[in-house]
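Structure first, commentary second.
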Amino acid sequence: MDDYALVLNAGSSSLKFCVFERPVGEGWRLEARGQIEGIGTSPSLSVKGADGGRLASEKLDSVRNGRDALDALASWLRSKYGGSRVLGVGHRVVHGGARFAKPTIVTPQVLAELHELVPLAPLHQPYNLAAIEAVSERLPDVPQVACFDTSFHRTHSPVVDLIPLPPDIRKAGVQRYGFHGLSYEYISSVLAEAAPEIANGRVIVAHLGSGASLCALKEGKSVDSTMGFTAVDGLCMGTRPGAIDPGAVLFLFQSLGLSAKDVEALLYKKSGLLAISGLSNDMRDLLGRSEPEARLAIDYFVYRAAKEIGALAAVLGGIDGLVFTAGIGENSDEIRRRICESSAWLGIEINAEANATGGPRISTPDSKVSAWVIPTNEELMIARHTGKLLGLI
Ligand code: AMP
């Protein structure tokens, strides 16, 4: 293989990666996609080629932490792509704060500023930054690029990002940031080709996966999003509740005596679909079950999505298109149908046949507002930014 760029998405218990071949002509070509899962419990490596064929699947008993995981990945990369060079490494970094409105080449100064944002995203940022540090120790000459989930939303007006608390608290960084920005940026970048009639209009993109949010796009730019200060806000998610009355959180502390750690675990890991159903955080699993609790969880998910679509439609002054993406949005015709039916008042008329086969256009030809399914590709977005910033394309 030719020289390649590596895209890393490092989390607390997993290291996801993509290998992209040096761009020729059209741009980056995916060579392999994989992950090391179960870091700290029962680690394993699985990798697939661009055609979905298995390239690796093995247990990694010696991997105890993120650094070990990177070493294991490096040795797999050497065994597979021995003679090729790593041109650059692009990282997904959850938080770029108010300052990083664009992907950025990592320098010691940038890294120090990103560390200051750890308190704003304590469950993700430390792992993202640890991966950057581990790569610079092992490959000091390879340039690295940080791509932020928040950057795409820095086009919001000040009123959209305001959290109405006293100035000293806002100065500490308490404002709305928005997340899933790499996914929305990718969708925005392909709209002209995938759905030209809405590309320059008013569009709501529904990124519905384990994490879920909506983004209101006007002429391809983010004007609002359902996620705010953290990725807990907005829609109901697999294990996160979405927007809840802050008074309920106070009650957890004051009347139920929960600690901050308990509340953190509750809000990030034990709420949402999992809490409502008591069965699973996985939408596919819930859709296949008949228990009333599973139905209630799905009903709430759809209800919240439709309600927030209405709110963002108000922000945009009406919409021209609705786009579904991510695990649930791309794969569940039932959830898409139910959300579209609940949003019929906006002028969306779903085409049952097109929806059942996955679109891309899933609304009828006469529908006033069109609806679409467009697969997201956050890793490609990171590869594009990395290539552009490093002058590779
Ligand atoms: P993501 O975080 O984007 O990988 O999405 C994960 C979510 O997508 C999980 O809740 C999965 O159950 C859901 N999902 C994946 N495939 C399907 C499917 N065919 N039907 C319903 N949900 C699905």
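In this chain, numbering begins with 1 at the start of the sequence shown. Because only heavy atoms are used, hydrogens play no part in the values below, and waters and symmetry mates are left out as well, while side chains stay in. Whatever order the structure lists ligands and atoms in, that order sets their numbers, starting from 1.
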Tell me the protein heavy atom at minimum distance from [atom], and give that distance in Å.
{"atom": "atom 12 (O) of ligand 1", "value": "D282 OD1, 2.6 Å"}
{"atom": "atom 13 (C) of ligand 1", "value": "I328 CG1, 3.6 Å"}
{"atom": "atom 22 (N) of ligand 1", "value": "R284 N, 3.5 Å"}
{"atom": "atom 6 (C) of ligand 1", "value": "S210 OG, 3.5 Å"}
{"atom": "atom 10 (O) of ligand 1", "value": "M283 N, 3.0 Å"}

With heavy-atom distances below 4.5 Å as the criterion, would you say the side chains of [X] and [Y] are in contact?
{"X": "V232", "Y": "P241", "result": "yes"}
{"X": "I298", "Y": "I335", "result": "yes"}
{"X": "L114", "Y": "T104", "result": "no"}

When you compare ligand 1 with [X], is there at least one nitrogen or oxygen pair between them that comes in under 3.5 angstrom?
{"X": "G211", "value": "no"}
{"X": "N281", "value": "no"}
{"X": "G327", "value": "yes"}

Go through ligand 1 atom by atom and flag the ones less than 4.0 Å from a non-hydrogen atom of [X].
{"X": "N331", "answer": "15 (C), 16 (N), 17 (C), 18 (C), 19 (N), 20 (N)"}
{"X": "G209", "answer": "1 (P), 2 (O), 3 (O), 5 (O)"}
{"X": "S332", "answer": "20 (N), 21 (C)"}
{"X": "A326", "answer": "3 (O)"}

Query raised in the report: Is any side-chain N of the basic residue among R338 and E341 closer than 4.0 Å to the acidic one's carboxylate O?
Result: no
From the list R33, R384, K16, salt bridge (Lys or Arg N to Asp or Glu O under 4.0 Å) with E379 holds only for R33
Exactly one candidate in Y177, F148, F229 meets ring pair (Phe, Tyr, Trp, His ring centres under 6.0 Å) with H95; the answer is Y177
- Under 6.0 Å from the CZ atom of R138, do we count more than 12 heavy atoms belonging to anything else shown? yes
Greater than 12 external heavy atoms within 6.0 Å of F253's CZ = yes
Honestly, for L287 the part within reach of ligand 1 (heavy atoms, under 4.0 Å) is side chain
From the list H156, R176, H153, side-chain hydrogen bond (donor to acceptor under 3.5 Å, both in side chains) with D224 holds only for R176
